[in-house]
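Each remark here refers to the structure printed beneath this line.
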Amino acid sequence: MTHAVLELKNVNKSFGPIDVLHDINLKVNAGEVLCLLGDNGAGKSTLIKTLAGVHKPTTGEIFMDGEQVSFDKPKEAADRGIATVHQFGGTFPLMSIGRSFFVGCEPVKKFGPFKIFDRKTANEVAVKAVRDFGITRIDDGDRLIGGLSGGERQSLAIARAVHFGARVLILDEPTAALGVKQASHVLRIILEARKRGLAVIFITHQVTHAMAVGDHFAVLIRGAVAANFMRGEKSREEITDLMAGGEALADLDSAMEAQSEATGGEPAQSAARATVA
Ligand SMILES: Nc1ncnc2c1ncn2[C@@H]1O[C@H](COP(=O)(O)OP(=O)(O)OP(=O)(O)O)[C@@H](O)[C@H]1O
């Protein structure tokens, strides 16, 4: 029996008296993109941090390849192959591509009695890794990260994670700040990571981007998985409605109706209809 690369069973997370995640059950397989959708404050960051070893679940279990794991710090999650790429690629604008690719594990060469950073090797390996990922516009490892476009930075960070053996790639809103062309570039890189057999968790607000690459979708509302479905099981409109808080608009409608009844006035226009119009 093949196990999911990553599986969460009944994961709860509380901060003191504040319960943030409620009974999260999710799994992601090798070569699959799980899109995690949710409005602001839904608990996406807390979930990512719980997977990446920043937080420990209050209760519940996390499994990798069927084996229960527990991370005391982010390095332990990273050593198991869980890599998180944040919105701006998490790199330093004033570093070169070669330098930032190897930050923390720089290749060195001998220079007399000293060991110095092997810039040539770092640049060659970094440029090859990103070009293999289809980022053909990067051909000089000495270029500064600050001179790359947002999409190129994201793509570089993904290629780096894959190069260093990531098995689970957590992408935290990678397309949120990008224009259409740049976003489609990053989506192609996500598909390439999937093709290489990674388990990808793609956190996004953008339903169009999720639908372009997702195999499996989970919608978080107030820290719980409100919907969990596979590609083709829900329409764009249904997902958008869930995402836009159809529930919240329904609450608002009832509040407006109650107010209108209380004042005996004309019924106010439906919040949901007003939004759609
Ligand atoms: N350390 C903490 N202590 C107390 N409450 C917290 C803590 N971290 C998060 N929360 C609460 O948990 C809820 C979910 O927050 P989280 O940042 O995970 O949401 P999110 O979906 O990532 O939102 P956004 O898209 O705005 O980043 C929020 O109400 C937040 O205030």
Side-chain angles (χ1 to χ4, degrees), residues 6-28 33-62 70-78 82-90 150 153-154 157-158 161 168-178 182-183 186-187 190 199-214 216-229 234 238-252 275:
L6 185 72
E7 180 165 11
L8 286 81
K9 285 190 186 165
N10 305 108
V11 167
N12 290 278
K13 179 68 193 168
S14 307
F15 296 101
I18 305 167
D19 299 329
V20 175
L21 298 179
H22 309 274
D23 262 341
I24 305 285
N25 288 290
L26 280 176
K27 56 172 144 178
V28 55
V33 178
L34 165 66
C35 296
L36 197 60
L37 301 151
D39 209 351
N40 294 109
K44 302 180 300 293
S45 305
T46 306
L47 183 57
I48 299 172
K49 287 181 184 161
T50 306
L51 293 175
V54 178
H55 300 316
K56 278 192 120 171
T58 306
T59 59
E61 295 156 342
I62 301 175
S70 168
F71 306 128
D72 286 322
K73 48 187 177 205
K75 186 171 180 315
E76 291 178 8
I82 298 181
T84 308
V85 172
H86 295 286
Q87 197 174 345
F88 297 103
R153 271 192 226 191
Q154 280 290 329
I158 295 171
V168 178
L169 192 57
I170 302 175
L171 304 174
D172 185 8
E173 306 257 8
T175 56
L178 304 181
Q182 292 281 315
V186 172
L187 294 173
I190 294 176
V200 181
I201 302 179
F202 175 27
I203 289 100
T204 183
H205 279 88
Q206 282 140 310
V207 179
T208 316
H209 295 174
M211 290 190 82
V213 296
H216 178 180
F217 303 79
V219 180
L220 269 190
I221 296 182
R222 294 183 203 135
V225 178
N228 190 349
F229 51 94
K234 280 198 194 297
E238 285 171 314
I239 304 177
T240 308
D241 195 34
L242 271 166
M243 279 285 297
E247 188 192 303
L249 289 174
D251 286 352
L252 181 59
T275 306

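Since the structure is predicted, the reported quantities are computational estimates derived from the model, not experimental observations. Order of listing sets the numbers, starting from 1, for every ligand and every atom in it.
- Taking a distance limit of 4.0 Å, we find that atom 24 (P) of ligand 1 is approached by some protein heavy atom.
- Protein heavy atom nearest atom 28 (C) of ligand 1, with residue, atom name and distance: Gly41 O, 4.1 Å.
- Of the polar atoms of Asn40, at least one N or O is found under 3.5 Å from an N or O of ligand 1, judged by distance alone.
- Every N/O-N/O distance between Glu173 and ligand 1 stays at or above 3.5 Å.
- Heavy atoms of Asp39 come nearer than 4.0 angstrom to ligand 1 in at least one pair.
- Of all protein heavy atoms, the one closest to atom 19 (O) of ligand 1 is Gly43 N, 3.2 Å.
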When you look at Leu187 and Thr175, which way does the side-chain contact (heavy atoms from CB on, under 4.5 Å) test go after all the steps? CA-CA 8 Å; Leu187 294 173; Thr175 56; 4.3 Å; yes

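- Looking only at heavy atoms of the protein, atom 22 (O) of ligand 1 is closest to Ser45 OG, 2.6 Å.
- Set against the non-hydrogen atoms of Thr46, the atoms of ligand 1 under 4.0 Å away are 9 (C), 15 (O), 16 (P), 18 (O).
- Here the heavy atom of the protein found nearest to atom 5 (N) of ligand 1 is Phe15 CD1, 3.9 Å.
- Ring pair His209/Phe202: centre-to-centre distance not below 6.0 Å.
- In this structure, atom 11 (C) of ligand 1 lies nearest to the protein heavy atom Val20 CG2, 3.8 Å.
- When side chains are defined from C-beta on, Leu220 counts as touching Val225, because their heavy atoms get closer than 4.5 Å.
- Asn25 places a side-chain N or O within 3.5 Å of a backbone atom of Asn10 that can act as its donor or acceptor partner.
- Taking every non-hydrogen atom of Ala42 and a distance limit under 4.0 Å, the qualifying atoms of ligand 1 come out as 19 (O), 20 (P), 21 (O).
- Not one N or O on the side chain of Asp172 forms a donor-acceptor pair closer than 3.5 Å with the backbone of Val85.
- In this structure, Thr204 contributes its side chain and Ala210 its backbone to no donor-acceptor pair below 3.5 Å.
- A donor-acceptor pair under 3.5 Å links the side-chain atoms of Lys13 to the main chain of Lys56, judged by distance alone.
- Not counting sequence neighbours, Ala78 has no partner by the side-chain contact (heavy atoms from CB on, under 4.5 Å) test.
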